[in-house]
Amino acid sequence: MSLLDYFKTKKEPSTAVTAKERLQIIVAHQRGEREAPDYFPQMKQEIIEVIRKYVQVGPDQVSVQLEQTDDHFSVLELNVTLPEKA
């Protein structure tokens with residue numbers, strides 16, 4: 001390593017690399033939704049509506065996921081970010 005290499009600025013990741021990583025996340029998310037049953041989007045919306053009866057939350061604060069296990073079981077995972085009390 002020469003003295004000049006020490007002063008060179010480090011390169012930021014290119015926009016192409018960032019775009020590729022984001023696209024991979026989107027594709028993985030869509031693959032998970034493709035395997036979900038037909039009733040899942042409606043069930044997710046109804047769960048959000050029930051939560052809103054008691055707590056004011058936005059759609060981005062509620063995450064509902066359905067996972068299939070190897071034992072032929074379905075696991076429904078619900079994560080809700082509750083607002084802080086004022």
Side-chain angles (χ1 to χ4, degrees):
M1 179 171 163
S2 70
L3 185 58
L4 293 176
D5 290 338
Y6 181 75
F7 291 107
K8 287 184 181 178
T9 59
K10 296 190 182 213
K11 291 184 180 181
E12 293 291 323
S14 71
T15 55
V17 172
T18 304
K20 180 180 176 184
E21 291 173 353
R22 290 178 181 170
L23 183 59
Q24 287 174 336
I25 292 169
I26 291 170
V27 169
H29 185 267
Q30 288 178 344
R31 282 184 184 157
E33 287 180 353
R34 192 174 7 159
E35 297 172 2
D38 294 337
Y39 59 84
F40 186 70
Q42 181 181 358
M43 183 178 69
K44 180 179 177 179
Q45 185 60 37
E46 289 176 2
I47 289 171
I48 292 171
E49 289 172 11
V50 169
I51 292 170
R52 284 185 183 160
K53 287 182 181 180
Y54 301 97
V55 180
Q56 289 293 71
V57 293
D60 58 328
Q61 294 174 301
V62 179
S63 170
V64 182
Q65 295 179 349
L66 185 66
E67 297 179 14
Q68 302 289 333
T69 64
D70 294 335
D71 301 330
H72 305 291
F73 291 105
S74 297
V75 176
L76 181 68
E77 181 180 339
L78 175 68
N79 292 310
V80 180
T81 304
L82 297 173
E84 299 275 334
K85 287 190 175 185

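Just the heavy atoms: all of them, side chains too, but no hydrogens, waters or symmetry mates, feed the values below.
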_Same apolar cluster: Y54 and V64, side chain cutoff 4.5 Å_ = yes

*asked:* Do Y39 and L78 land in one hydrophobic cluster if side-chain heavy atoms of ILVMFWY residues count as linked below 4.5 Å?
replied: yes

*Can you name the residues that form a side chain to side chain contact (heavy atoms under 4.5 Å, CB included) with T81, not counting sequence neighbours?*
Q61

*Of K44, M43, E67, which meets side-chain contact (heavy atoms from CB on, under 4.5 Å) against L76?*
M43

*Could you give the distance from CD (Q24) to NZ (K20), rounded to the nearest 0.5 Å?*
5.5 Å

*Locate the shortest heavy-atom distance separating R52 from G58; write the atom from each residue and the value.*
NH2-C, 4.0 Å

